[in-house]
Each structure stands twice: as C-alpha cells, then as structure tokens.
Amino acid sequence: MSRRIQKIDAMEILDSRGNPTIRTTIVLEDGTAASAAVPSGASTGENEALELRDGDKRRYGGKGVLKAVRNVNETIAPRLVGMDVTRQQEIDRFLVELDGTETKKKLGANAILSVSMAAARAAAAAVGLPLYAYLGGVQANRLPVPMMNILNGGAHADSSVDFQEFMVMPVGAPTFAEALRYGAETFHALKAILKERGSATAVGDEGGFAPKDLRSNEEPCRLIVEAIERAGYRPGQDVAIALDPAASSFGDRGTYRLARSGEGEKSREEMVELFRDWASRYPIVSIEDGLGENDWEGFRMLTEALGDKVQIVGDDIFVTNPRFIRRGIAEGTANAVLIKLNQIGTVSETVDAIRLCREAGWNYVVSHRSGETEDAFIADFTVAMDGRQIKTGSASRSERLAKYNRLMEIERELGPAARFENPFRKG
Ligand SMILES: C=C(OP(=O)(O)O)C(=O)O
Ligand SMILES: [Mg+2]
C-alpha cells in the first residue's frame, strides 16, 4: 500500500475563543486521510514561532488565517505531494527549510504545524497504529497525571486575580481515569464553595472558575485546599496544587505589578519570597512562569530557593525551543519545561526539545493552549513521549475534555499494560 501523500488541503476553522485557526487534511495514495488542527495562545512568549494572521481588520478583526491556509494549499502542498508520509523528520526538515526563517514567519508556524501534525496522524493511520504507539513505540504505555486548571485569572479571564492558572494535580490517584475523577470532583466542590460565598461560577478560557470577588492571589489556594477536602481527598497526598502565574503578563525584568488583586508592586526577590512562603503553607508541587520570560536571574533564584522540593517549569522563557532550553540547563534556570507544539512549530523539533529535557534529567509537561480545538493530538503525543504530566484545562469545556477523554480511551486500550504514577515520588 502506498504511503505517499496524494493531497494536502487546509481550511480555516474556529478555536474555542471564536478566533480563526487552521486545520489541514492529508490524503494518501492508498486513500487514508487524517486531519490536524492548531491551537492558539493568549499569554504568548515573545520568542514563540510566529502564528501567521491576515491582519485584514474586516475579517475577525485581523485574526483571519487565510494567508496560512493559502501557504499550505499553494506553497507547501505541491512540494510535499509524492513524499512518503512516514518520513516525519524529513517532512519537518523540509518545512523548516522551505520557510527559511528563524521564527517560521514566512509560511507561518500555524501553517507548518498543521501539516506536520496531520502527517504524523496520516502515517499512524496508514501503518494501522494508534498515534501514541506510532510516535512512541512499544514503550508508550504511561498515562500522565493531569494538571487541571480550576481557577482562571490573568490573560485567560476577567477575574480579580493576577495569576493565570491555579491547577489541581491528583498525584495520589491509582489510574488516569481515577485522577480525572479526583480532579472533576474537586472542581465540583470548588463550584459549591464559590456558590455558597455568592461568587460567580462562570468559567474562563481554560474552563476554570473566574470569580471577580477574590481579594488576593493567595485566596484561590485557600479555596482549592477547602475544595480538595470537601471532595473527600487529602491535600498534598491525593490532590496537590500547581500554579502558572504567567508572570510575563504582569511584569518582567525584575518588577511585577499585581494590579487586579490590588497587591501592588513586587520585586523579583519578593516574588521568590511569596512562592517560598506559599509552598510552606499549601501543597504546591509545581510553579510555572513564576517570573517573567526575560527574568532569567529571578528564575534561577526561584529554582535555587525551591527547586529541590517544587517543580519549577519554564514556559514563556523557553518557548519549547532547544536554544533557550539549553541555556536554561546550563544556568540552572528551572528544572522542567512546558512543551507546546505550536511554540516551536513542528513535531520533530518538539521531540528534540523533549529529548534535551530527558538528557538533563528535567521534567516536561505537554500543554494545550488557551485557544483550543477539538483536536486531541497532545493526548497521544504525551503518551508517546512518556510524558508524566499533561496540562489541558479543567473538567469543563469540550475542547479540554477531548484530550482527557482520549487519555481515558488510551488507558482502556492499553489495559493491564497501562502505567500511571506520581511524577514527584522520589525513588
Ligand atoms: C496555556 C497557557 O496559556 P496560553 O496558551 O494563553 O499561552 C500557558 O501560559 O501555559
Ligand atoms: Mg504558561
């Protein structure tokens, strides 16, 4: 059966914020067809690969992606037709070279990634394997612990907190499906607590609650501990807390302005002290982007202060780019990397970023974007990469549940071979 590419067809679709994004379908000579859709961030890192948008204000306020669609259909497609779709690295290298820019700004990282992901999916279908097994081989049998964002702030909601994400991690669950249940029950308990207080229970972009009446950035931690207990779990042992303040959105280079909560300005030293204090009082196991994307010194200080107890994750600072991750490893900037395929723009380069983490003994967390689609690629990708953590929103909003539900399906499919364990347990 021929695994050669016969046709590539991209189109504009909408993401979970109602903004345009791109979906590409690859059809092989043997008739196999597979599609992939690309997500989009709101609190993007300044060094991310470029998401090409039309800029025509008459369509979606300039956010259309027809140029990216055209780049796939008119520039990429004719050159890839006839190629063996299982040659992922060759396809990705070809796409990178065809673009020829550092940030993929010529063709657009959204255009390029849609082809790269669709190729992986078409190849998996052609060889008759689930995507996780195709990309990960026989060892791809570990399910990740979900990081479920149950309270939203910052760039993802009009709530009264500056910090973007307050997540629960069911680290004590025995299986992925049980972890999801612990997380969903904690989400429901938090809803009940917010209702009792008279707070709003509408949700933000990633499906976490977004109340406007919280008076500090710390209050969500207190409420979440209460929710964990009310759901019948032990804070820290069964369900822990992970944070993504996304600090670049409220400061950088050493000064942080906590305006929404009215907590005022903080230096990098004060931010590090805040996290040290919180980590001593709450069951916090992971802090992502506690400092801004250019505050390498602040990151290093936080890692020095807490890195032996808490996972320090770099998102905006590393942008899934091996160049920045290498610097981080050399300088002790963090001990983990957030992995987002569209920050770098091809499947192969994302795998390279993960390989670097593994070699350095760093953790890595595969992540959704705040503007998502129903595409569950990252669920399979996480299992393929033996990723032990996935961050993909709360237990509400179907674009987030598409990933969690796919992981339940994978766990069921793997049967007794499925593994699941607390990524922070020592020894
Ligand atoms: C998922 C995130 O948000 P966005 O997609 O808006 O960058 C994040 O900051 O980790
Ligand atoms: Mg982040």
Side-chain angles (χ1 to χ4, degrees), residues 15-19 21 37-51 53 63 109-110 113 144 146-159 161-167 169 203-208 210 241-252 256 275 286-295 299 302 311-321 324-325 328 333-334 336-345 350 353 363-373 375 377-379 381-382 387 389-394 397 399-400 402-404:
D15 72 14
S16 56
R17 273 193 283 254
N19 293 323
T21 188
V38 172
S40 175
S43 62
T44 49
E46 63 187 36
N47 293 312
E48 287 192 22
L50 184 107
E51 183 180 72
R53 299 229 173 243
K63 290 186 174 162
N110 42 354
L113 182 63
M147 285 180 154
M148 303 172 74
N149 180 2
I150 64 170
L151 201 136
N152 292 189
H156 293 172
D158 299 324
S159 67
V161 291
D162 302 280
F163 288 9
Q164 182 177 283
E165 302 174 25
F166 293 83
M167 296 169 275
M169 279 189 86
V203 298
D205 286 354
E206 298 187 349
I241 295 178
L243 304 173
D244 177 8
S248 308
S249 63
F250 52 82
D252 207 359
Y256 298 91
F275 294 125
S286 179
I287 303 171
E288 172 189 334
D289 284 5
L291 288 307
E293 62 193 322
N294 292 305
D295 195 356
F299 252 94
L302 181 62
Q311 174 174 263
I312 307 296
V313 188
D315 171 12
D316 291 354
I317 194 169
F318 298 136
V319 290
T320 316
N321 189 322
F324 299 111
I325 297 170
T333 304
V337 178
L338 200 77
I339 300 289
K340 291 167 167 168
L341 287 134
N342 76 329
Q343 281 183 329
I344 186 76
T350 310
N363 287 350
Y364 47 96
V365 180
V366 178
S367 171
H368 65 163
R369 297 310 304 246
S370 50
E372 264 294 337
T373 75
D375 191 318
F377 190 96
I378 59 167
F381 186 70
T382 305
Q389 303 170 67
I390 188 170
K391 167 171 121 154
T392 187
S394 83
R397 299 190 61 130
E399 76 279 3
R400 318 288 151 189
K403 285 72 165 170
Y404 291 137

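Note that the coordinates shown come from a computational prediction; the quantities given were computed from them, not determined experimentally. Indexing begins at 1, ligand by ligand and atom by atom, following the structure's order.
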Exercise. Can you find a side-chain donor-acceptor pair between N363 and Q311 that sits under 3.5 Å?
Worked result: yes
For this session: Answer yes if the side chains of T373 and E399 hold a donor-acceptor pair under 3.5 Å, and no otherwise.
Result: no
For this session: Evaluate the ring planes of F163 and F250, with Trp represented by its six-membered ring, and classify them as parallel (under 30°), tilted (30 to 60°) or perpendicular (over 60°).
Result: parallel
Exercise. For S370 and ligand 1, does the shortest N/O to N/O distance drop below 3.5 Å?
Worked result: yes
Problem set entry | Check: G153 main-chain N/O paired with E165 side-chain donor or acceptor under 3.5 Å | no
For this session: Enumerate the atoms of ligand 1 whose separation from the nearest heavy atom of E206 is less than 4.0 angstrom.
Result: 1 (C), 2 (C), 3 (O)
For this session: Return the name of the atom in D315, of element N, O or S, nearest to the Mg ion (ligand 2).
Result: OD2
Problem set entry | For T44 against D316, the heavy-atom pair lying closest together | C-OD1, 4.1 Å
For this session: State, to 0.1 Å, how close A247 and G292 come at their nearest heavy-atom pair, and which atoms those are.
Result: CB-N, 3.8 Å
Problem set entry | Test of proximity, H368 against ligand 1: N or O pairs below 3.5 Å | no
For this session: Give yes if a backbone or side-chain nitrogen or oxygen of E48 is under 3.5 Å from a nitrogen or oxygen of ligand 1, and no if not.
Result: no
Exercise. Relative to the heavy atoms of H156, which atoms of ligand 1 are at a distance of less than 4.0 Å?
Worked result: 2 (C), 3 (O), 4 (P), 6 (O)
For this session: Before giving the answer on salt bridge (Lys or Arg N to Asp or Glu O under 4.0 Å), spell out for K391 and E206 the whole-Å C-alpha distance, their side-chain angles and the decisive distance to 0.1 Å.
Result: CA-CA 10 Å; K391 167 171 121 154; E206 298 187 349; 5.4 Å; no
Seminar exercise, completed: Nearest heavy-atom contact between A42 and S370 is N-OG, 3.2 Å
For this session: Check each atom of ligand 1 against the heavy atoms of R369 and keep those under 4.0 Å away; list them by number with element.
Result: 4 (P), 5 (O), 7 (O)
Exercise. Of the protein's non-hydrogen atoms, which lies at the shortest distance from atom 10 (O) of ligand 1, and what is that distance?
Worked result: K391 NZ, 2.6 Å
For this session: Please state which part of L338 comes within less than 4.0 Å of ligand 1, counting heavy atoms only: side chain, backbone, both or neither.
Result: side chain
For this session: Indicate yes or no: does an N/O atom of S40 lie under 3.5 Å from an N/O atom of ligand 1?
Result: no
For this session: Please calculate the OD2(D244)-the Mg ion (ligand 2)-OE2(E288) angle and round it to 10 degrees.
Result: 80°
For this session: For residues A242 and M147, report the shortest heavy-atom separation together with the two atoms involved.
Result: CB-CE, 4.2 Å
Problem set entry | Test of proximity, E288 against ligand 1: N or O pairs below 3.5 Å | yes
Seminar exercise, completed: Under 4.0 Å from one or more heavy atoms of E165, ligand 1 contributes atoms 1 (C), 2 (C), 8 (C), 9 (O), 10 (O)
For this session: List the steps, then state whether side-chain contact (heavy atoms from CB on, under 4.5 Å) holds for L341 with F377.
Result: CA-CA 10 Å; L341 287 134; F377 190 96; 3.9 Å; yes
Problem set entry | Protein contact of atom 9 (O) of ligand 1 - nearest heavy atom, named by residue and atom, plus distance | Q164 NE2, 2.9 Å
Problem set entry | Per-atom contacts of ligand 1 with D244, taking only distances under 4.0 Å to non-hydrogen atoms | 8 (C), 9 (O), 10 (O)
For this session: Would you please test R17 and E372 for salt bridge (Lys or Arg N to Asp or Glu O under 4.0 Å) and show each step?
Result: CA-CA 8 Å; R17 273 193 283 254; E372 264 294 337; over 6 Å; no
Problem set entry | atom 2 (C) of ligand 1 - nearest protein heavy atom and its distance | K340 NZ, 3.3 Å
Exercise. What are the atoms of ligand 1, with element, lying closer than 4.0 Å to any heavy atom of D315?
Worked result: 8 (C), 9 (O), 10 (O)
For this session: Taking all non-hydrogen atoms of both residues into account, name the closest pair between G290 and P245 and its distance.
Result: CA-CG, 4.1 Å
Exercise. Is S43 in polar range of ligand 1, meaning some N or O pair under 3.5 Å apart?
Worked result: yes
Seminar exercise, completed: Within the 4.0 Å heavy-atom cut-off, what D289 brings close to ligand 1 is neither
For this session: Return yes or no for this condition: an N or O of T44 is under 3.5 Å from an N or O of ligand 1.
Result: no
